[in-house]
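Please read the structure below before turning to the comments.
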Amino acid sequence: MDNERDVVVIGAGFAGLSCAARLKSAGLTNLAIVEKGEGCGGFWRGNYDRIRLHTPFHELPDDGGIRRDYPEFLPRDDLIEYFERYAARHNLLGNIVVDTEISSIALDAGRWSIRSSKSEFRSRFLVVATASNRKPIWPEIDGLSEYGGTAIHSRQYHNATPFKGKRTLVIGSGNSAAEIALDLAEGGAREVKMLIRGPRHVLSLRGLGIAARVARFLKTGFTSKHIEVSHAYTRSHPAFREKLAKKDKFLSTFSIDMSEYGIHPPDSGPATQISLHGRVAWMDQGTVKAIKQGRIKVIDAKENPLQRLSKRGAVFQNGHEDFDLVVFATGMEPGLDDLFEEPARFLEWNDEMSRLMPRTDGRSRSIVEPTLFFPGFDLSVNGGLSLGLWGFECADAILRQMGSGATGT
């Protein structure tokens, strides 16, 4: 197999597929899409069963209208099917290399060397479309090694079936934590508690959906045209903060006050939290009701911090509690430093995000090496709605750089 490519794209999700689609439509066929999972949307395939998109009308550019065949908020299986249909529409299925995990990336004599679990690719251009959720974050908690129950990260959770009748603790305040806690409560867990360790906006997904449908019908928002216009507003744009403030005001109208249950909002708005800090609001799908009914109990880590795990459960400041299951819904990180042989050259610490991030020009291109792109890491006021547009934008930049005589074979 000839592994010399004009372009290698890592990741077959929103940004990766859209980038490859744009390249293919321009006649560039000598490309590979390397996917860690068993098919398109590998990240979503490995997630818990009930997960769905929290952004309405989320679609990829140039999808031929197939997004209209699915509900407003795409469930996991529908999203995977949508990815597969999009890939088929753009003749990408033959370019996707699945079940292939990248082990190292290096720039060697002007070409990228991408080593994987199966083979090595070499390419002129590299698109890292793994986004910021490649690697689970495990917090440092004393006693984890001695805990006698089941301790898993949210990435390892699938459904509540194995945990019927069990006493469970979910650590986290994001969407994974909220939805897994609800899944356990509805799935017959004996007890469900959530340990909330930091501030988080809680928004009504139902309310947002209604507003989005109205705005789309009136053509005042959530249309492809509006998304494309808003895509221009990134951190480097002079009107970025103004647009972000307007979106904060809009989203805050769907806020649910959960402070009496120990869930407190951050000082900045929901859009600011995602665009500047990478913290997505809790988009409620029923967990709030379950908390108010007492089916899920909240532990406020400020009032009763977790000190350590024990053989039978958890030791809090106010005493010990028994748990058969502890789910660490403590987030994900890019983990790019595990991939690059020279991480300090291409990455830098971002204080606002509290993680290593690519050194880019603010629009996905590396400022270190112009043949390297990171779609999905630079956020506009659109948040995740811009992922497909980032892929298209990177592809256009590659095509311009390649020039008229380098479209591959």
Report the relative orientation of the aromatic rings in Y86 and Y82; use parallel for angles under 30°, tilted for 30 to 60°, perpendicular for over 60°.
tilted
Under 3.5 Å, is there a donor-acceptor pair linking the side chains of S204 and D284?
no
Pair R115 + E341: basic N to acidic O under 4.0 Å
yes
State plainly whether the residues E179 and R50 are in salt-bridge range, i.e. N to O under 4.0 Å.
no
Heavy-atom side-chain contact between E369 and F346 under 4.5 Å
yes
May I ask you to test the I141-I171 pair for a side-chain heavy-atom distance under 4.5 Å?
yes
List for me each residue that meets ring pair (Phe, Tyr, Trp, His ring centres under 6.0 Å) alongside F328, sequence neighbours excluded, and say none if there are none.
W138
Heavy-atom closest contact (L74 atom, H58 atom, distance)
CD1-O, 4.3 Å
Quick one, Q285 and R206 - any side-chain contact, counting heavy atoms below 4.5 Å?
no
D300 CG to N304 CG distance, which is reported to the nearest 0.5 Å:
8.5 Å
Distance col, row S275:OG vs L244:CG, nearest 0.5 angstrom, shows 5.0 Å
Assess the pair H226 and F222: is the distance between their ring centroids shorter than 6.0 Å?
no
Has K297 got more than 12 heavy atoms of other residues, nucleotides or ligands less than 6.0 Å from its NZ?
no
Whether the S116 and T100 side chains hold a donor-acceptor pair (N or O, under 3.5 Å, no angle test) is what I'd like checked.
no
How long is the span from the OG atom in S224 to the CD atom in E59, to the nearest 0.5 Å?
3.5 Å
Any side-chain heavy-atom pair from W390 and R363 closer than 4.5 angstrom?
yes
Is T168 close to K193 at the side-chain level, that is, under 4.5 Å between some pair of heavy atoms?
no
Looking at K246, I'd like to know if its NZ atom is crowded, meaning that more than 12 non-hydrogen atoms belonging to other residues, nucleotides or ligands lie closer than 6.0 Å.
no
Start with the C-alpha distance between E348 and R355, add both sets of side-chain angles, then the distance that settles salt bridge (Lys or Arg N to Asp or Glu O under 4.0 Å), and finish with yes or no.
CA-CA 8 Å; E348 62 185 356; R355 63 190 61 171; over 6 Å; no
Can you see whether S259 engages H264 through a side-chain donor-acceptor pair at a distance of less than 3.5 angstrom?
no
Is any NZ, NE, NH1 or NH2 atom of the basic residue among D338 and K135 found under 4.0 Å from an Asp or Glu carboxylate oxygen of the other?
yes
Side chains of E120 and S113: do they bring a donor and an acceptor to under 3.5 Å?
yes
N382 versus K247, side-chain donor and acceptor atoms under 3.5 Å:
no
Between S268 and Q273, is any side-chain donor less than 3.5 angstrom from a side-chain acceptor?
yes
Are the side chains of R76 and R52 in touch, meaning some heavy atoms are under 4.5 Å apart?
no
Search all heavy atoms of T253 against all heavy atoms of F250 and return the closest pair with its distance.
OG1-O, 2.5 Å
If you measure only the distance, is there a donor-acceptor pair under 3.5 Å linking the side chains of Q401 and R124?
no
To the nearest 0.5 angstrom, please state how far the CZ atom of R197 sits from the CD1 atom of I299.
12.5 Å
Compute whether any side-chain donor of one residue and acceptor of the other, for Y70 and R85, lie under 3.5 angstrom apart.
yes
Kindly indicate whether the side chain of V97, heavy atoms from C-beta on, has any atom under 4.5 Å from the side chain of E35.
no
If you take all heavy atoms of A271 and D248, which pair is closest and at what distance?
N-OD1, 2.7 Å
Decide if atom CG of D267 counts as having more than 12 heavy atoms of other residues, nucleotides or ligands within a radius under 6.0 Å.
no
Please enumerate all residues that pass ring pair (Phe, Tyr, Trp, His ring centres under 6.0 Å) together with H237, with sequence neighbours excluded.
Y233
Any donor-acceptor N or O pair under 3.5 Å, side chains D183, Y157
yes
Report yes or no: is the cationic atom of R216 (NZ for Lys, CZ for Arg) under 6.0 Å from the centre of the six-membered ring of F57, at an angle within 45° of the ring normal?
yes
Taken in chain and number order and not counting sequence neighbours, the residues that satisfy ring pair (Phe, Tyr, Trp, His ring centres under 6.0 Å) with W282 are none
Nearest 0.5 Å please: distance from the CD atom of Q293 over to the CZ atom of R295.
4.5 Å
With a 4.0 Å cut-off, would you call E4 and R111 a salt bridge?
yes
Closest heavy-atom contact between F83 and G41?
CD1-CA, 3.6 Å
Between I398 and V7, is any pair of side-chain heavy atoms under 4.5 Å apart?
yes
Rounded at 0.5 Å granularity, tell me how far CZ in F43 sits from CG in N133.
4.0 Å
Consider only side-chain N and O atoms of S173 and R200, and report whether a donor and an acceptor are under 3.5 Å apart.
yes
Flag the pair R134 and E333 as a salt bridge only when some basic side-chain nitrogen lies within less than 4.0 angstrom of an acidic carboxylate oxygen.
no
Give me the atom names and distance for the closest heavy-atom approach of F392 to D62.
CZ-CB, 4.0 Å
